[in-house]
J.: 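I'd like to ask you about the structure that follows.
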Amino acid sequence: MGFFSKDSLQIIVFQSYGTDSHFYARGRALQDEKINLQRENFFSLLINTWKRFESDEVKNTAITITLPNNFKINTITDNAGYFIIDEKIENLSSLTNDEGWLHFKASYTNENVRRAINNKNKFVGELLIPDKNAEFGVISDIDDTILHTGVVSTFKWRLLINTFFKSPAKRKALEGTSKFYSLLHLGKSGKNANPIFYVSHSPWNLYKYLNVFLSKNNFPKGAILLRTFGNIFQKKTADIKPQKQKEIVNILKTYPNLKFILIGDAGEYDADIYMEIVKNYPNRIAAIYLRSVKHVKKMARIKELIKDYYDTPFLIVHSSEEAINHAKKYDFIKKTV
């Protein structure tokens with residue numbers, strides 16, 4: 001952080017998850033690059049993309065988390081400006097709203113940093129604590145599962161165009177997906193608040209972008225779990241599991257008494273990851289939904305992979321109505337919808 005920069009400071013707190021006795025939150029301290037997500041002309045979008053990935057982090061800086069009951073937690077950002085709070089704290093459920101969200105504040109511990117701080121040094125964070133009566137949880141991919149990105153396009157050119165040259169307000173969800181997720185969120189009673197977790201290979205740099213997209217397209221609010229930009233270039237080996245898989249396993253361990261529905265797409269390796277999770281955590285996965293993609297070889301690979309698979313209900317989804325009908329059959333959602 002250079003003291004000659006004019007940019008004010010901000011804290012981005014990522015929507016996370018926890019339990020009645022486990023506070024787990026993540027965020028990042030950054031200089032405010034003043035990215036306007038409403039701009040839609042070519043050059044503004046190009047500048048936004050540059051700012052998003054050329055972010056100026058506030059490293060090795062003390063951060064204070066304040067809960068609604070005024071209980072405080074102190075932490076320090078790392079060399080990339082990230083911080084993680086992983087604390088055992090009792091009776092957190094008493095601080096949540098009807099949907100299970102705990103709202104808290106993040107702030108710079110030392111306000112005397114010779115720099116303006118946005119929002120009077122008060123930044124809102126949200127932590128999801130599922131209700132004890134939740135029927136199941138939903139863990140979903142984002143890219144080409146609910147948001148068309150073009151991951152399977154040649155040289156991923158559609159992915160680049162959609163990510164870099166389209167505003168989140170202009171991005172459209174795959175048809176019917178927000179309705180399907182809303183029905184899963186409400187469960188078979190139609191009145192529930194089943195927790196939703198959005199897990200993606202996208203970097204944290206795209207957090208605000210994806211959050212705006214989910215909100216604009218009326219998806220149920222959920223924890224958003226991405227990965228650090230450096231992990232994207234990490235060399236893959238048999239011993240190193242994808243970050244998405246690690247996040248899913250963490251969720252399963254956090255809620256040992258809750259079953260989950262896994263939703264992904266056939267474009268990459270969601271099927272492989274999900275099938276391995278079913279094997280390692282038997283009786284924890286209620287169903288797998290895999291969105292089909294327009295790629296002959298990839299679809300052929302998936303069909304061959306699951307042709308004799310009976311460990312858990314597994315549906316290749318060609319339309320959201322097809323998924324909704326399947327979910328009704330298995331009593332995941334209200335049948336009279």
Side-chain angles (χ1 to χ4, degrees), residues 15-20 22 24 93 99-101 127-143 145-146 177-201 214 219-227 241-266 268-291 302 305-306 309-317 320 323-324 326-334:
Q15 286 171 194
S16 192
Y17 61 92
T19 70
D20 181 59
H22 184 195
Y24 180 63
S93 295
E99 285 282 310
W101 288 96
L127 182 81
L128 176 61
I129 300 178
D131 188 89
K132 61 182 179 180
N133 295 319
E135 299 162 341
F136 54 81
V138 177
I139 301 175
S140 174
D141 183 33
I142 296 177
D143 299 332
T145 301
I146 58 178
T177 50
S178 63
K179 176 184 177 181
F180 179 43
Y181 284 55
S182 294
L183 291 173
L184 290 173
H185 177 60
L186 295 173
K188 64 181 179 181
S189 69
K191 299 177 181 179
N192 218 315
N194 294 322
I196 310 287
F197 303 84
Y198 300 101
V199 182
S200 173
H201 281 310
L214 292 168
F219 282 91
K221 185 194 291 187
I224 300 175
L225 308 167
L226 310 179
R227 60 176 173 171
K241 299 298 182 184
Q243 182 63 29
K244 181 192 296 186
Q245 187 166 346
K246 293 178 182 178
E247 293 288 1
I248 294 173
V249 169
N250 284 340
I251 294 169
L252 292 176
K253 290 180 177 179
T254 300
Y255 309 108
N257 299 318
L258 194 62
K259 286 193 174 185
F260 286 87
I261 293 173
L262 305 180
I263 308 177
D265 68 89
E268 295 294 312
Y269 292 96
D270 286 351
D272 307 73
I273 292 172
Y274 293 173
M275 289 167 69
E276 183 175 336
I277 287 172
V278 171
K279 180 181 178 181
N280 293 334
Y281 295 88
N283 303 316
R284 294 296 309 282
I285 307 304
I288 295 173
Y289 292 96
L290 208 67
R291 174 73 62 167
I302 295 300
L305 185 68
I306 68 170
Y309 189 73
Y310 305 105
D311 291 359
T312 195
F314 196 127
L315 180 69
I316 296 179
V317 178
S320 293
I324 289 171
H326 183 276
K328 287 180 181 178
K329 176 183 175 181
Y330 282 90
D331 284 330
F332 298 142
I333 65 176
K334 195 174 181 181

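Source: prediction; values computed, not measured.
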J.: Judged by atom type as modelled, is there a donor-acceptor pair below 3.5 Å linking the side chain of Tyr274 to the main-chain atoms of Ile263?
T.: yes

J.: Can you confirm whether or not the ring centre of Tyr281 sits under 6.0 Å from the ring centre of Phe260?
T.: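 Ring centres of Phe260 and Tyr281 not closer than 6.0 Å.
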
J.: I want to check something: taking the side chain as every heavy atom from C-beta on, are Ser93 and Lys132 in contact at a cut-off of under 4.5 Å?
T.: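 Result no, sub-4.5 Å side-chain heavy-atom pair not found.
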
J.: Could you go through the side-chain contact (heavy atoms from CB on, under 4.5 Å) check for Leu186 and Ile333 one step at a time?
T.: CA-CA 7 Å; Leu186 295 173; Ile333 65 176; over 6 Å; no

J.: Taking the side chain as everything from C-beta on, heavy atoms only, tell me whether Ile248 gets closer than 4.5 Å to Phe197.
T.: no

J.: Measuring from Ile139:CD1 to Leu252:CG, what's the distance to the nearest 0.5 Å?
T.: 5.0 Å

J.: As an exercise, state the distance from CZ of Phe314 to OG1 of Thr312, rounded to the nearest 0.5 Å.
T.: 9.5 Å

J.: Just how far is it from atom CG of Leu315 to atom OH of Tyr330, taken to the nearest 0.5 Å?
T.: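 Reported value, rounded in 0.5 Å steps: 9.0 Å.
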
J.: Answer whether the closest heavy-atom distance between the side chains of Glu247 and Pro242 falls below 4.5 Å.
T.: no

J.: Ring-plane angle category for Tyr255 and Tyr17, please: parallel below 30°, perpendicular beyond 60°, tilted otherwise.
T.: tilted

J.: Let me confirm one number: the NZ-NZ distance from Lys334 to Lys188, rounded to the nearest 0.5 Å.
T.: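 Rounded to the nearest 0.5 Å, the NZ-NZ separation comes to 13.5 Å.
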
J.: Checking the side chain of Ser320 only, and the main-chain atoms of Phe180 only, is there a donor and an acceptor separated by less than 3.5 Å?
T.: no

J.: Pair Asp141, Lys244 - check side-chain contact (heavy atoms from CB on, under 4.5 Å), show working.
T.: CA-CA 9 Å; Asp141 183 33; Lys244 181 192 296 186; 3.4 Å; yes

